There are 2 protein chains.
Amino acid sequence: MAGTKERILDTTAELFRRYGYTGTGLKQIVADANAPFGSVYHFFPGGKAELGEAVVRRSGQMYLELVTAVFEAAPDPVTGTRDVFSGAAAVLRETDFIDACPIATVALEVANTSEPMRRAAADAFESWLDVLHDRFTAAGIGAPRASELAIELFCSLEGAFLLSRTTRSVEPILIAGRAATAAVQAALPAQVS
Amino acid sequence: MAGTKERILDTTAELFRRYGYTGTGLKQIVADANAPFGSVYHFFPGGKAELGEAVVRRSGQMYLELVTAVFEAAPDPVTGTRDVFSGAAAVLRETDFIDACPIATVALEVANTSEPMRRAAADAFESWLDVLHDRFTAAGIGAPRASELAIELFCSLEGAFLLSRTTRSVEPILIAGRAATAAVQAALPAQVS
DNA sequence: GTCTATAGAAGGATAGAC
DNA sequence: GTCTATCCTTCTATAGAC
C-alpha cells in the first residue's frame, strides 16, 4: 500500500488537474486521500504552497515520462507527434474532458501570485520542450529549428487542451494534432528512398 | 463617470485575468471597484456565479472586437495574423506578463465545475473562431480549411500565452506567431503577380 | 508520527437602515 | 438604489493529545 505522503501527492495532483490550485482545499485533499489533516503539515511544513510546488514538479515529471514513452514507442518523431495528440484526445474523451494538461490550470493561476510555483511550472514545461528538442535533433532536424518546433508543438497541444475542454469536443485537439504532425514532417531532412 | 455596475464588471474582468475565478474574492472586487458590497447582489442577484458569467461574456466580446479591429486594419490576413501575435507580445511585455487571454484561466478553472460559465467561455472562443474563419474565407481560403486554420491559430496563441506567462518570456509567442503567420500564408490561394 | 480539535482569517451571502 | 453590519461556511494553519 502507498504511504500517506504519496497518497496526498497523488490526490492533490488529481484535484489540481480538475479544480486548479485555489479551487482545491486542504480539507478536500485529506478527505479524498484518506489522510489525517495534520499529515499535510507533517510532510509539507510550508503548507499548501509547499505541497503545491511539490505536486507541480511531480506532475511535470510524470507527464515528461509519458511523452518520452510515447516517442520512444514510435518509429519516428512524426508518428510520435501524432500519437501524443491522438492519445491526449482519447484520454480527454474517456475522462469526460477532465484529464488534459496536469498543470496548465495551476500555472495560469499562480503565474502572478507565487514565484516558487511559477518556477516549478516553468521547469516542467521546459523539461517537456527539452525532450521534444532531443527527439527532433535525433531525427536530423537542426538544433535551432528543433527548438522552435518543440515550442510550436507545445503551444498547439496546450491551446487545444483549453479549447477542447471548454467546448467539450475532441475536434480541436485532432485538428491541432494534424497540423503539428505536418509541421514535424516538413521539418525533417529530405529522405532518400 | 462610469456607473457602479460598469465599474464592478471592469474590475472583475481585470482581477479574473490576473487571479482567476476562485482566486478573486467578492470583497476584493468591491474594494477595487470602490463599490458598496451590496451592489454586487443588487446588480447580480445570482451572486458570484452570475457576475462571473457576465464578465466572461463581456471579456469575450471585447477581445473579439480587438481581434476584429486588428484584422480590419491589416491589408491582408497574413499581416493581420502577424499583428495579433506581435500585439499580444507587446502587451505581455508592457504589463509584466499579466495581460494575456482575458478568460483562459477562468475557462480552465470552471470547465468541470460550472456549466453556465463553461458555456460562456465556449461561446466567446467560438465567436473568435468565427471572425477568423470569415477573414480567411474572404481572402479566398476554402471554408473547411478556413475553419481548421482558425482553430490552429487559436491554439497556437493560447498555448503561447500559457508558456510566455509561465516562463516570463515573449519568445514563445513570437515563435508561435511566426508559425501561425506562415500557416495562413501557405493556405492562401496562389497569387497572380 | 497519527490524528483531532480549534483558532483566526477570508470566503460568499443576506438583512435591513437610510 | 446606496451602503453597512452581520451571518454562516470554508479556508489555511496551529496546538496538543495519543
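Everything numeric here is computed off the predicted structure, so don't read it as measured data. Within every chain, numbering begins at 1; the chains are lettered A, B, ... in the order of the sequence lines, protein sequences first and strands thereafter.
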Atom [atom1] of [X] to atom [atom2] of [N]: distance rounded to whole Å?
X: B/Leu15; N: C/dG12; atom1: CG; atom2: P; answer: 11 Å
X: B/Phe44; N: C/dA13; atom1: CZ; atom2: P; answer: 13 Å
X: B/Phe37; N: C/dG11; atom1: CZ; atom2: C1'; answer: 9 Å
X: A/Ile29; N: D/dC11; atom1: CD1; atom2: C1'; answer: 12 Å
X: A/Lys48; N: D/dC11; atom1: NZ; atom2: P; answer: 9 Å
X: B/Lys5; N: D/dG1; atom1: NZ; atom2: P; answer: 12 Å
X: A/Leu51; N: D/dA13; atom1: CG; atom2: P; answer: 10 Å
X: B/Ile8; N: D/dG1; atom1: CD1; atom2: P; answer: 14 Å

A/Lys5 NZ/CZ over A/Phe44 ring centroid, <6.0 Å and within 45° of normal: yes
Row check, B/Tyr41 ring normal vs B/Lys48 NZ/CZ: under 6.0 Å, within 45°: no
Joint cluster assignment, B/Phe43 & B/Val30, ILVMFWY side-chain distance < 4.5 Å: yes
So which nucleotide from [options] ends up closest to the side chain of [X]?
X: B/Lys27; options: C/dG12, C/dT2, D/dC11; answer: C/dG12
X: B/Leu26; options: C/dG12, D/dC3, D/dT12; answer: C/dG12
X: A/His42; options: C/dG12, D/dG1, C/dG1; answer: C/dG1

When we call it a touch if two heavy atoms are under 4.0 Å apart, what does [X] touch: a base, just sugar-phosphate, or nothing?
X: A/Thr22; value: nothing
X: A/Gly38; value: base
X: B/Phe43; value: sugar-phosphate

Heavy-atom check, side chain of A/Arg165 versus side chain of A/Thr105, under 4.5 Å: yes
Salt-bridge present (A/Glu6, A/Arg58; N to O < 4.0 Å): yes
